[in-house]
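What follows is one structure encoded as structure tokens, with my remarks underneath.
Since this is a predicted model, take the numbers as computed values, not measurements.
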Protein chains: 2
Amino acid sequence: MSDSTKTAIVTGLEQTFVRQGFAKPGVDELRAAAGVSLRTLYKYYPSRDAMILGALEHRHGRYVERLLDGLPADPKEALDAVLERVAGWMREEAGHGCLFHGAVAAMPESDALRELLERHKGEIARRMAAAVGLSGNEAELTLILEGLTQSWALNGEDALRAAKRLAGCLVACEPKS
Amino acid sequence: MSDSTKTAIVTGLEQTFVRQGFAKPGVDELRAAAGVSLRTLYKYYPSRDAMILGALEHRHGRYVERLLDGLPADPKEALDAVLERVAGWMREEAGHGCLFHGAVAAMPESDALRELLERHKGEIARRMAAAVGLSGNEAELTLILEGLTQSWALNGEDALRAAKRLAGCLVACEPKS
DNA sequence: GTTCAAGTAGAACGAACGTTTTACCAAGGA
DNA sequence: TCCTTGGTAAAACGTTCGTTCTACTTGAAC
């Protein structure tokens, strides 16, 4: 059980699910993407469902790191930076929207997936609200983030402009404390 | 080929896909939900993919009607009404987020699904922006709508409050024309 | 030098799947 | 009366799927 093998496998799995979704790719295609033998693949992830979970866990780590590490200390700059980073993620990694929502949408009856979705979104909302100094407006922030992620597929860079504009409005409208 | 049979079938299909997603349910389960024989089901929808497309077309019609028919003439009231109607839809019909995004997420390589998604979202954005008097802010409106739909699964009624608040901010911030 | 963990290649298996087909039934119009 | 239309029930077909298993290779540690 080597760590580098596991990373290689899970990277291949993640890429495949991003490109093809969760319905289509069969285990043999996942195996090819992982670059290992079927036996090894099943040793690290003993079922197709485990492969899905593993890929999502891996993506969660990458996403949180990319979005939240080393944000500017100033709350306004941090807010702007987060939106830019989300747009960058969409450009480079997620043409088709949030993979976690996609997984739950594909298999809405899986409790494990729903739990993972809640952990993922919850952690991001909490940490981001703190970083941008809008802890009382978690729902508004989450809405802007989800809206940006989801409408990116429809409007591209316009979605980023709209998100910045709405975030600006939110800060401007906020009752002074 | 009777119309009432077709409606009964497509209603059953839509419900099943809403509840179970697009990956899991097999044709025999869809048949049971449609309440017809396998032969009849295949006469109306000659493949599983056609069943998916048919269910989404049907849902599109229902959604557009519910969201946009008979809106108040006053733009501000109309905006509020649309958000309320979206929340009502989420409460009653779509616990798991937008079915169109879900379909594309499950099978991102299907051109037919992507076209349908664009038609669906495009029509709603255009007609709604006109109805609420914010035709220059389609991207912002779309973002709020997508954000509400998507964050409903996470925050429930708080998502509606956040959407109303952001919509209010948008109207207040808008440069007077 | 042997052992052992970690890997490859790919055959095999039973179940499930999407689809087609056969056989039959009920009602209405010419 | 017969034939068409729209439907049911369910067997059958060929494929594909997720999973397991057998047989073999390699590299490093003791």
Length of the line joining B:Asp49:CG and C:dG18:P, which is rounded to integer Å: 10 Å
Sidechain N-carboxylate O distance under 4.0 Å for B:Arg127, B:Glu123: yes
Distance, rounded to the nearest Å, where B:Tyr45 contributes OH and D:dG6 contributes P: 16 Å
Spacing between B:Lys6 atom NZ and D:dG6 atom P, to the nearest angstrom: 13 Å
Given D:dT19, D:dT8, C:dG18, the nucleotide with the shortest approach to the side chain of A:Ser47: D:dT19
Position toward the 5' end of DNA chain C (nearest nucleotide), A:Ser2 or B:Asp28: A:Ser2
Nucleotide C:dC17, atom P - distance to CE of B:Met51 in whole Å: 14 Å
Selected nucleotide, minimal atom distance to B:Lys43 side chain, candidates D:dG7, D:dT19, C:dT19: D:dG7
Interatomic distance where CG belongs to B:Leu38 and P belongs to D:dC13 [whole Å]: 16 Å
Nucleotide D:dG7, atom C1' - distance to CZ of B:Arg31 in whole Å: 13 Å
Side-chain H-bond candidate by donor/acceptor type, A:Ser4 with A:Thr7, under 3.5 Å: no
Closest to side chain of A:Val36, choosing from D:dG18, C:dT8, D:dT8: C:dT8
A:Thr40 side chain near C:dT8 phosphate (N/O to OP1/OP2, under 4.0 Å): yes
Sugar-phosphate, base or nothing in reach of A:Tyr44, heavy atoms under 4.0 Å: sugar-phosphate
Salt-bridge contact A:Arg62-A:Glu93 (side-chain N to carboxylate O under 4.0 Å): yes
Beyond-backbone contact of A:Trp152 with A:Leu160, side-chain heavy atoms, under 4.5 angstrom: yes
Between C1' of D:dT8 and CD1 of B:Ile9, the distance in whole Å: 13 Å
Atom pair distance, as rounded to whole Å: CD in A:Glu29 and P in D:dC17: 9 Å
Distance-only donor-acceptor test, B:Arg39 side-chain atoms vs C:dT22 base atoms, 3.5 Å: yes
Contact under 4.0 Å: A:Thr5 side-chain N or O vs C:dG7 OP1/OP2: yes
Closest to side chain of A:Val27, choosing from D:dT19, D:dT8, C:dG18: D:dT19
Lys/Arg-Asp/Glu bridge criterion (N-O < 4.0 Å) met for A:Arg161, A:Asp158: yes
